[in-house]
Amino acid sequence: MNGEREATTNFIREIITADIKSGKNGGRVQTRFPPEPNGYLHIGHAKSICLNFGLARDFNGLCNLRFDDTNPIREDEEFVESIQADVRWLGFDWNDRLYYASDYFERLYDCAGELIRRGLAYVDSLNAEEIRAYRGTLTEPGRESPYRDRGVDENLDLFRRMRAGEFSEGAHVLRARIDMKSPNLNMRDPTLYRIKYAQHHRTGTDWCIFPMYDFAHSLSDSFEKITHSICTLEFEDHRPLYDWFLEKLEMFPSRQIEFARLNLSYTIMSKRLLQGLVASGRVSGWDDPRMPTIAGMRRRGYSPEAIRDFADRIGVAKRDSTVDLALLEHCLREDLNQRALRFMAVLDPVKVVITNYPENQVEMLEAVNNPEDDAAGTRQVPFSREIYIEREDFRVDPPKKYFRLSPGSEIRLKHAYYIRCVDFFMDEATGRVKEIHCTYDPESRGGWSPDNRKVKGTSHWVSVQHALDAQVCLFDTLFTDPDPQARAAAEEKELYDFLNPESRKVLTGCKVEPALKEAVPGEYYQFLRQGYFCLDSVESHPGNLVFNRSVTLRDTWARIENKLK
RNA sequence: UGGGGCGUGGCCAAGCGGUAAGGCACCGGUUUUUGGAGCCGGUAUUCGGAGGUUCGAAUCCUCCCGCCCCAGCCA
């Protein structure tokens with residue numbers, strides 16, 4: 001990973017640095033990214049991925065990929081595949097260290113047995129409601145289950161029979177015997193195993209008992225000799241339990257460290273809610289370009305470099321925070337500005353006839369592919385008597401400071417000639433401008449004039465007879481409120497009430513320069529003065545170009561015009 | 001009125017007793033064949049509040065206030 005910005009230090013790096021210095025774990029650093037395969041990865045996961053793999057990279061360590069697949073009814077193979085594809089696309093490699101918690105089911109079962117033998121776990125036959133009632137509340141201690149003092153042999157037998165499928169779901173659970181009076185609810189005899197007759201995506205029907213997160217996660221980390229187990233803040237209360245298992249079982253002491261998950265303005269990060277958008281058809285799928293998912297962002301035209309840079313810039317801390325979407329967009333623009341090939345595309349075309357330009361003449365003009373990168377070279381763009389320019393680049397009554405085309409004014413056509421507006425025609429029916437007549441200055445070929453006169457405006461354009469038709473999707477934020485969840489809760493409304501009806505606008509009849517015929521998915525393009533675009537990997541087909549706008553360019557004029565109002 | 005965390009500019013975030021980094025956003029200027037990009041400059045007398053310790057506190061102590069998380073056989 002070259003040219004990567006140096007991430008500023010953070011409390012986790014300090015902990016690791018101190019651990020290495022003190023010789024803990026022999027100076028070894030090993031982390032892991034442990035997704036549950038029950039949905040697609042989103043930008044919040046990207047933060048965690050960059051953190052875990054980044055730490056391993058920077059401290060000469062390793063980072064494992066481990067699927068936390070202990071709940072068969074929510075998990076699916078589709079997600080284990082998408083997750084691997086997304087992590088790889090982000091630029092990280094787990095080599096041969098791909099693990100599944102389900103691969104540890106036998107070992108976990110043995111550890112549970114050992115806990116029973118040590119008198120630290122028991123089979124409880126209370127039902128779910130009873131267990132909840134016995135747990136107590138935040139302010140009242142819990143009560144011990146009447147089954148809490150079953151003997152070791154009975155517990156072992158019951159647990160074996162749970163595994164053997166002798167009981168129905170909910171009949172029994174295995175619980176740790178810790179402290180029903182603990183102020184930390186997680187320590188009030190937490191459930192370790194529950195019975196579920198469900199098809200598991202990997203173990204099929206081999207198992208009908210499944211370990212709970214706390215038990216499986218702690219031990220899995222230890223099995224893999226994870227030195228620093230990094231998770232989000234809501235697991236802080238689970239740490240005593242995480243440590244309890246490893247201590248009681250005398251296992252490798254992985255250390256859990258918690259950091260604040262990412263929140264991003266104008267979107268949501270909850271897997272459950274994202275799933276809801278997909279299921280209800282409010283978006284086209286997990287990879288809808290408006291989704292904050294890795295798949296959605298990839299399809300939108302985000303680069304892995306931009307996302308990694310973003311992850312480095314937002315930092316890692318324990319404070320709840322919501323990062324401004326503007327920072328993400330900035331990271332994308334900064335990356336794409338360096339590498340995106342420039343093209344001209346007219347999204348809302350209006351025809352211009354250059355009345356003094358010879359009919360039937362076509363000349364090829366040289367255009368720079370990327371002013372930020374000489375190596376990108378140049379291309380030839382066809383010019384002719386009739387061209388399209390952007391409708392908003394012409395005003396019958398130009399406002400102050402407007403220096404684009406208007407009756408009598410002169411502008412530069414990028415890479416081409418200076419043109420001056422001599423006439424225009426309205427469409428009676430729509431009241432819109434139908435056609436503009438201009439004259440061009442033959443001396444200004446290439447966009448310069450011998451007399452060095454200044455033209456303030458430069459417009460992009462496309463030759464009518466050479467233009468390619470294209471469809472362009474313009475995206476805006478998925479929600480209208482920076483914090484739609486909080487807003488919905490505050491106003492007792494539905495989250496969906498704050499979906500942005502303008503989050504996706506489809507433009508048809510756009511005119512793009514002929515070179516774009518060679519456009520391919522996965523490439524990044526800049527449409528001059530408009531923004532960064534990419535070919536839609538799903539909708540676009542040869543002869544039917546569909547571009548997605550990844551992010552706009554900064555638009556100073558829009559800002560000025562807004563202020564004038 | 002249980003426990004666990006967190007409070008530094010609009011949004012992130014360094015800072016770890018020696019007198020408030022950096023980024024984004026914003027505002028100026030400059031430059032420009034993208035009103036893009038670039039470049040230069042500006043924006044916290046102050047670190048949730050109040051006391052205290054100290055020659056000196058965002059950093060240490062005390063109290064107060066605010067926000068987040070926890071009562072799944074979810075992760």
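Predicted model, so just to flag it, every value in this text is computed and none were measured. Throughout, protein chains are lettered first and strands after them, A, B, ... in sequence-line order, and every chain is numbered starting at 1. Below, each value reflects all heavy atoms present in this structure, side chains not excepted, and no hydrogens, waters or symmetry copies.
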Would you call the rings of A:Y417 and A:F383 parallel, tilted or perpendicular, taking 30° and 60° as the class edges?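 Plane angle between 30° and 60°, so tilted.
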May I ask you to decide if the ring planes of A:F210 and A:H200 are parallel, tilted or perpendicular, using 30° and 60° as cut-offs? parallel
Send over the distance from [X] [atom1] to [N] [atom2], rounded to a whole Å.
| X | N | atom1 | atom2 | answer |
| --- | --- | --- | --- | --- |
| A:L328 | B:rC11 | CG | C1' | 13 Å |
| A:N186 | B:rA75 | CG | C1' | 12 Å |
| A:Q256 | B:rG4 | CD | C1' | 12 Å |
| A:I178 | B:rG3 | CD1 | C1' | 15 Å |
| A:R342 | B:rG36 | CZ | P | 13 Å |
| A:F235 | B:rC68 | CZ | C1' | 15 Å |

Under 4.0 Å, counting only non-hydrogen atoms across every strand here, what does [X] touch: a base, just sugar-phosphate, or nothing?
| X | value |
| --- | --- |
| A:L413 | nothing |
| A:N337 | base |
| A:Y402 | base |
| A:T322 | sugar-phosphate |
| A:N38 | nothing |
| A:K196 | sugar-phosphate |
| A:L138 | base |
| A:P35 | nothing |
| A:L126 | base |
| A:K563 | sugar-phosphate |
| A:Q526 | base |
| A:H415 | base |
| A:A128 | base |

Can you check whether [X] has a side-chain N or O nearer than 4.0 Å to OP1 or OP2 of [N]?
| X | N | result |
| --- | --- | --- |
| A:T191 | B:rG72 | no |
| A:R175 | B:rC73 | no |
| A:R529 | B:rG35 | yes |
| A:H330 | B:rC24 | yes |
| A:R333 | B:rA37 | no |
| A:R188 | B:rG3 | no |
| A:T70 | B:rA75 | yes |
| A:R261 | B:rC6 | no |

Near-ring test [Y]/[X], centroid separation under 6.0 angstrom:
| X | Y | result |
| --- | --- | --- |
| A:Y213 | A:F235 | yes |
| A:W557 | A:F403 | no |
| A:F159 | A:Y109 | yes |

Quick test of your reading of the model: are A:R13 and A:D58 salt-bridged, counting only N-O distances below 4.0 Å?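 Looking at A:R13 and A:D58, the cut-off is met.
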Could you tell me how far [M] sits from [N] if I compare only their [atom1] atoms? Round to whole Å.
| N | M | atom1 | value |
| --- | --- | --- | --- |
| B:rG18 | B:rG56 | P | 15 Å |
| B:rU31 | B:rC67 | C1' | 46 Å |
| B:rG7 | B:rG49 | P | 13 Å |

Looking only at N and O atoms, is any donor in the side chain of [X] or the base of [N] less than 3.5 Å from an acceptor on the other one?
| X | N | result |
| --- | --- | --- |
| A:E334 | B:rG23 | no |
| A:D237 | B:rG3 | yes |
| A:E14 | B:rC16 | yes |

Which nucleotide in B:rA14, B:rC73, B:rG35 has an atom nearest any side-chain atom of A:R404: B:rG35
Which is more 5' along RNA chain B, the nucleotide nearest A:R554 or the one nearest A:T139? Just name the residue.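 Taking each residue's closest nucleotide, the earlier one in sequence belongs to A:T139.
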Considering heavy-atom distances to RNA chain B, does A:E36 or A:R239 have its closest nucleotide positioned more toward the 5' end?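 Counting from the 5' end, the first nearest nucleotide belongs to A:R239.
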Results of ring pair (Phe, Tyr, Trp, His ring centres under 6.0 Å) for A:F527 - residues two or more places apart only: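 A:F527: ring pair (Phe, Tyr, Trp, His ring centres under 6.0 Å) contacts with A:F533, A:F547.
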Hey, which of A:E329, A:R549, A:R333 is the one that makes side-chain contact (heavy atoms from CB on, under 4.5 Å) with A:Y532? A:R333
With stacking defined as ring centroids separated by under 5.5 Å and planes differing by under 30°, is A:W557 stacked against B:rG35? yes
Both distances below 3.5 Å, Watson-Crick or wobble geometry, any strand: find the nucleotide opposite B:rG17.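 WC or wobble partner does not exist here.
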Please determine, for B:rG36, whether a Watson-Crick or G-U wobble partner exists with both distances under 3.5 Å, and give it or none. none
